[in-house]
Amino acid sequence: MIADDLAAALDAALTAAGLEPPGPGIEIVPTKNRDHGDWQTNVAMVLAKTVGAPPREVAARIVAALEAAAPRHVARVEIAGPGFINFVLAPTWLYDVMAAVIAEPVTYGHGDAYAGLAVNLEFVSANPTGPLHAGGGRWVAVGDAIANLLAAQGAQVHREYYLNDAGRQLDTFTASLLARYRDEPLPEDGYQGGYLIDMAAAMRAELGDDVDAEQAADWGYQAVVRELRDDLARIGVHFDTWFSERTLHERGDVAAVLAALRAGGHTYERDGAEWLASEALGDQRDRVLVRSNGTTTYLTNDLAYHRDKLARGWTHLIDIWGADHHGQVKSLQVAMRALGIGTEAAPEPEIMLGQLVKLERGGVVVRLSKRTGTVITLSDILDEVDPDVARLTFLLQGIDTSLTFDLDVVTAASMENPVYYVQYAHARVSSIARRAAAAGVARPPFAEIDPSVLVHERELDLLRSLAEYPEMLRHAAALRAPHRVTTWVRDFASRVHGFYRDCRVITDDPELTHARLWLVEATRIGLAGSLTILGVSAPESMARLEADEDEPDAAG
RNA sequence: GCGCUCGUAGCUCAACGGAUAGAGCAUCUGAUUACGGAUCAGAAGGUUGGGGGUUCGAUUCCCUCCGAGCGCACCA
């Protein structure tokens, strides 16, 4: 590819000019502004200091060497601005891009940055005390997309859901369920959500009128987990493992972790409890491992859990947490290090914090709480919009920013959702292919077409986007930032629509028609590939939008 | 009080330390007897919260102030 060619040429030029080879901070990237050529490098500016000459002077030496042995496709090399070296390329470089896309219709842009890495990605993991709420959909969509991103870089990825089925919250849940079942007052800070009334009725229908506490605990837990699975299936996310916290206690994993920490001299007694000396390791303060009543804290259990994931063979752990849990990040990572796992620079687990979703309805914030009973579930959302809309809405922005999910905008006015804009682009290009086939216009083998007839700016813009796609994917994976894929595909879709408008594909000119049909195919590959990473479908056709006036009026 | 995260166009958000900070929505102007108009073209909109620093270059990194959200349990 062109990036490698340019890098090699630059490397050689630096040597020829008697300069140091490229080091950190030096980049060869596509230009943002077409006035600056097609690709650019900042090498002269970075080297200026050590060379002891002005950047433009250094650039001049490099350019002289570059011109002596110009790499393929390079039409011109220019020095610009503070010392950028700009490469002006012939369009032929883009025809190479097109060939590369066509050669890998399913995996174009994928890489091997994480080949050999076995990642355990834990996300969602909402407590099994009720249905997934609407805001939790963010972790569903983001986690699944990150898994896809990592897999596209060669990692083996395992999606895992942790069920906190051993804590006090589950007891409270059971007590609440039982209270609803017996039509008694809810316990102090019980779950007030209306869903428990429905569950109690379902339990009565299934088990009769003599359910005891133990049966209720078991049935309630099973019912909730079943519901969680169903909700996730509705949005198309599959977890490879549903891990039960109880297992850790039953197998003695928790006790084993405690023993290891004691052996390492990281624990001490105070006030009848057992503490981890975590402040000395970099935590804000020391943490309790074993309460004075003899039970272990979440931290101890979590340590056992993460150690188990590694014991199961995963070489890297990633957790996605809500930002409201950020206070626990340091504790867990520091304690893992006390167990000899991970380093300060590369902690295990890697924890991604995501800002919580703010739900609005008609511009008014809706506060959600299973406790107080205000529950808008993911399932409620999926009753109104299809999974693609829900997913892309959650993937529009980075997880560092708090996301406002306006239920009215996303549901009632869903036609404005960007997902349709992108999917429509895919439906359009698919339509062109169908149209051509119906008209008896066969696409000759790619090797037999002449791509050089593709000279329209719209056509070249499509190929430029596709040229950047692999790097974008690699970067999005490294940053665990699927919203970059969303940004890319929205921009790409915009170029597709522009191309569609200005460049008729099926014409009287067979050569142009053939080349454009292949360009359309490359475009389809880019759209479908990126949407697949996002977990959004790429439809070949869409239902025609009906004009608002055609909607049956409430008065009529 | 301590800590984490954030502050970019009217609104919602982008932007590997790079050149003139970009999109969508909303507003205003235009384009269609259609390879699907759920589209396209254009206009307008900014002291990137304030102030310092690092450097050839800062929305990005560091310090400080202001503002917002969230944590600071022998709950998870």
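Chain letters run A, B, ... following the sequence lines, proteins first, then strands; residues in each count from 1. Note that the structure is predicted; figures quoted are calculated from it, not measured.
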*Asks:* Taking atom C1' of B:rC4 as reference, at what distance in whole Å does atom CE of A:Met352 sit?
*Replies:* 16 Å
*Asks:* For a quick check under 3.5 Å, do A:Asn33 and A:Thr31 share a side-chain donor-acceptor pair by atom type?
*Replies:* no
*Asks:* Could you give the distance separating B:rG51 and B:rU59 at their P atoms, to the nearest angstrom?
*Replies:* 12 Å
*Asks:* With stacking defined as ring centroids separated by under 5.5 Å and planes differing by under 30°, is A:Tyr500 stacked against B:rC35?
*Replies:* yes
*Asks:* Which one is paired to B:rG3, where only Watson-Crick or G-U wobble pairs with both distances under 3.5 angstrom count?
*Replies:* B:rC70
*Asks:* Identify which nucleotide among B:rC6, B:rA41, B:rC74 has an atom closest to any side-chain atom of A:Asp400, counting heavy atoms from C-beta outward.
*Replies:* B:rC6
*Asks:* Would A:Phe84 pass as stacked on B:rA19, i.e. its ring centre under 5.5 Å from the base's six-membered ring centre and planes under 30° apart?
*Replies:* yes
*Asks:* Rounding to a whole Å, what distance do you find between A:Glu457:CD and B:rA41:P?
*Replies:* 13 Å
*Asks:* Out of B:rA14, B:rC35, B:rA19, which nucleotide sits closest to the side chain of A:Val505?
*Replies:* B:rC35
*Asks:* Does A:Asn86 make a side-chain donor-acceptor contact with the base of B:rA19, cut-off 3.5 Å?
*Replies:* yes
*Asks:* When the P atoms of B:rU27 and B:rG69 are considered, how many whole Å apart are they?
*Replies:* 31 Å
*Asks:* Please compare A:Glu540 and A:Gly81 by the position of their nearest nucleotide in RNA chain B and report the one closer to 5'.
*Replies:* A:Gly81
*Asks:* Distance between the P atoms of B:rG22 and B:rU48, in whole angstroms?
*Replies:* 13 Å
*Asks:* With rounding to the closest Å, how many angstrom separate the C1' atoms on B:rA14 and B:rU8?
*Replies:* 10 Å
*Asks:* For A:His325 and B:rG71, is the gap between ring centres under 5.5 Å while the planes differ by less than 30°?
*Replies:* no
*Asks:* Which of these nucleotides, B:rG71, B:rC2, B:rG18, is closest to any side-chain atom of A:Gln40?
*Replies:* B:rG18
*Asks:* I need the minimum non-hydrogen distance between A:Tyr191 and A:Leu186, along with the two atoms involved.
*Replies:* O-CD1, 3.7 Å
*Asks:* Atom CD1 of A:Ile399 to atom C1' of B:rC13: distance rounded to whole Å?
*Replies:* 15 Å
*Asks:* How far, in whole Å, is B:rA68 from B:rA26 if one measures between their P atoms?
*Replies:* 31 Å
*Asks:* Looking at the side chain of A:Asn42, which of B:rA76, B:rA38, B:rG18 is the nearest nucleotide?
*Replies:* B:rG18
*Asks:* Of all the choices, B:rU32, B:rC2, B:rA15, which nucleotide is nearest to the side chain of A:His483 once you look at every atom?
*Replies:* B:rA15
*Asks:* If I pick the C1' atom on B:rC25 and the same atom on B:rA9, what distance separates them, to the nearest angstrom?
*Replies:* 12 Å
*Asks:* Identify whether any heavy atom of A:Thr507 sits under 4.0 Å from a base atom; if not, whether one sits that close to sugar-phosphate; answer base, sugar-phosphate or nothing.
*Replies:* nothing
*Asks:* Output the rounded distance in Å from CG (A:Leu332) to C1' (B:rC72).
*Replies:* 17 Å
*Asks:* Would you confirm whether A:Thr523, through its side chain, and A:Leu519, through its main-chain N or O, come within 3.5 Å as a donor-acceptor pair?
*Replies:* yes
*Asks:* If you find the nucleotide of RNA chain B closest to A:Tyr162 and the one closest to A:Thr404, which residue's nucleotide is nearer the 5' end?
*Replies:* A:Thr404
*Asks:* Where the side chain of A:Trp488 meets the backbone of A:Ser465, is there a donor-acceptor pair that is under 3.5 Å apart?
*Replies:* yes
*Asks:* With a 4.0 Å cut-off on N to O distance, would you call A:Arg464 and A:Glu457 a salt bridge?
*Replies:* yes
*Asks:* Take atom CD of A:Glu344 as the centre, draw a 6.0 Å sphere, and report whether it contains more than 12 heavy atoms from other residues, nucleotides or ligands.
*Replies:* no
*Asks:* Could you give the distance separating B:rC62 and B:rC13 at their P atoms, to the nearest angstrom?
*Replies:* 23 Å
*Asks:* Hey, does the side-chain of A:Ser292 have a donor or acceptor N/O within less than 3.5 Å of a partner on the base of B:rC74?
*Replies:* yes
*Asks:* Closest approach to the side chain of A:Ser431, judged atom by atom: which nucleotide of B:rC40, B:rG36, B:rC4 is it?
*Replies:* B:rG36
*Asks:* According to a strict under-4.0 Å criterion, is A:Arg435 in side-chain N/O contact with OP1 or OP2 of B:rG36?
*Replies:* yes
*Asks:* Is there a donor on the side chain of A:Arg501 or the base of B:rG37 sitting less than 3.5 Å from an acceptor on the other?
*Replies:* yes
*Asks:* For A:Arg474, is there an ion pair with A:Asp112 - N to carboxylate O distance below 4.0 angstrom?
*Replies:* no
*Asks:* What contact category does A:Arg458 fall into here, base, sugar-phosphate, or nothing, at under 4.0 angstrom with non-hydrogen atoms?
*Replies:* sugar-phosphate
*Asks:* Taking only the side-chain nitrogens and oxygens of A:Arg34, find out if one of them lies under 4.0 Å from OP1 or OP2 of B:rA19.
*Replies:* no
*Asks:* Check whether any side-chain N or O of A:Thr297 sits under 4.0 Å from OP1 or OP2 of B:rC74, and answer yes or no.
*Replies:* no
*Asks:* Mind calculating the distance between CG (A:Asp324) and P (B:rU5) to the nearest angstrom?
*Replies:* 15 Å
*Asks:* What is the separation between atom NZ on A:Lys330 and atom P on B:rU5, rounded to the nearest whole Å?
*Replies:* 10 Å
*Asks:* Report the nucleotide, chosen from B:rU39, B:rA38, B:rA41, that has the shortest atom-to-atom distance to any side-chain atom of A:Met542.
*Replies:* B:rA38
*Asks:* In whole Å, I'd like the distance from the NE2 atom of A:His475 to the C1' atom of B:rA15.
*Replies:* 11 Å
*Asks:* Would you say the side chains of A:Gln423 and A:Asp388 form a donor-acceptor pair under 3.5 Å?
*Replies:* yes
*Asks:* Is any side-chain N or O of A:Tyr420 closer than 4.0 Å to OP1 or OP2 of B:rA38?
*Replies:* no
*Asks:* Can you tell me how far C1' of B:rC35 sits from CG of A:Leu517, to the nearest Å?
*Replies:* 10 Å
*Asks:* With a 4.0 Å cutoff (strictly under), does any side-chain N or O of A:Thr401 reach OP1 or OP2 of B:rA14?
*Replies:* yes
*Asks:* Any side-chain N or O of A:Arg504 less than 4.0 Å from the OP1 or OP2 oxygen of B:rC35?
*Replies:* yes
*Asks:* Taking N or O atoms only and anything under 3.5 Å, show me the protein contacts with nucleotides 53-61 of chain B, one pair per line.
*Replies:*
none

*Asks:* Taking atom P in both B:rG50 and B:rA44, compute the distance separating them and give it to the nearest angstrom.
*Replies:* 24 Å
*Asks:* Counting only side-chain nitrogens and oxygens, does A:Arg285 get under 4.0 Å of the OP1 or OP2 atom of B:rC2?
*Replies:* no
*Asks:* Establish, yes or no, whether a centroid distance under 6.0 Å links the rings of A:Tyr161 and A:Phe243.
*Replies:* no
*Asks:* Classify A:Asp271 by what it touches in the nucleic acid, base, sugar-phosphate, or nothing, heavy-atom distance under 4.0 Å.
*Replies:* base
*Asks:* Begin with the C-alpha distance, continue with both residues' side-chain angles, and end with the deciding distance and a verdict on salt bridge (Lys or Arg N to Asp or Glu O under 4.0 Å) for A:Arg307 and A:Asp302.
*Replies:* CA-CA 8 Å; A:Arg307 206 160 78 140; A:Asp302 240 21; over 6 Å; no
*Asks:* What nucleotide, of B:rC13, B:rC2, B:rG37, holds the atom closest to the side chain of A:Gln397?
*Replies:* B:rC13
*Asks:* Could you tell me the Watson-Crick or G-U partner of B:rC40, where both distances fall under 3.5 Å? Say none if there is no partner.
*Replies:* B:rG30
*Asks:* Does A:Arg287 come within less than 4.0 Å of A:Glu279, counting only side-chain N to carboxylate O?
*Replies:* no
*Asks:* For the side chain of A:Thr487, counting heavy atoms from C-beta on, which of B:rC74, B:rU39, B:rA14 is nearest?
*Replies:* B:rA14
*Asks:* When you measure from the side chain of A:Asn164, which nucleotide among B:rG36, B:rA76, B:rA19 comes out closest?
*Replies:* B:rA76
*Asks:* Any Lys/Arg nitrogen of A:Asp283 or A:Lys330 sitting under 4.0 Å from an Asp/Glu carboxylate oxygen of the other?
*Replies:* no
*Asks:* Record whether the side chain of A:Gln423 comes under 3.5 Å of the base of B:rA38 through a donor-acceptor pair of N or O atoms.
*Replies:* no
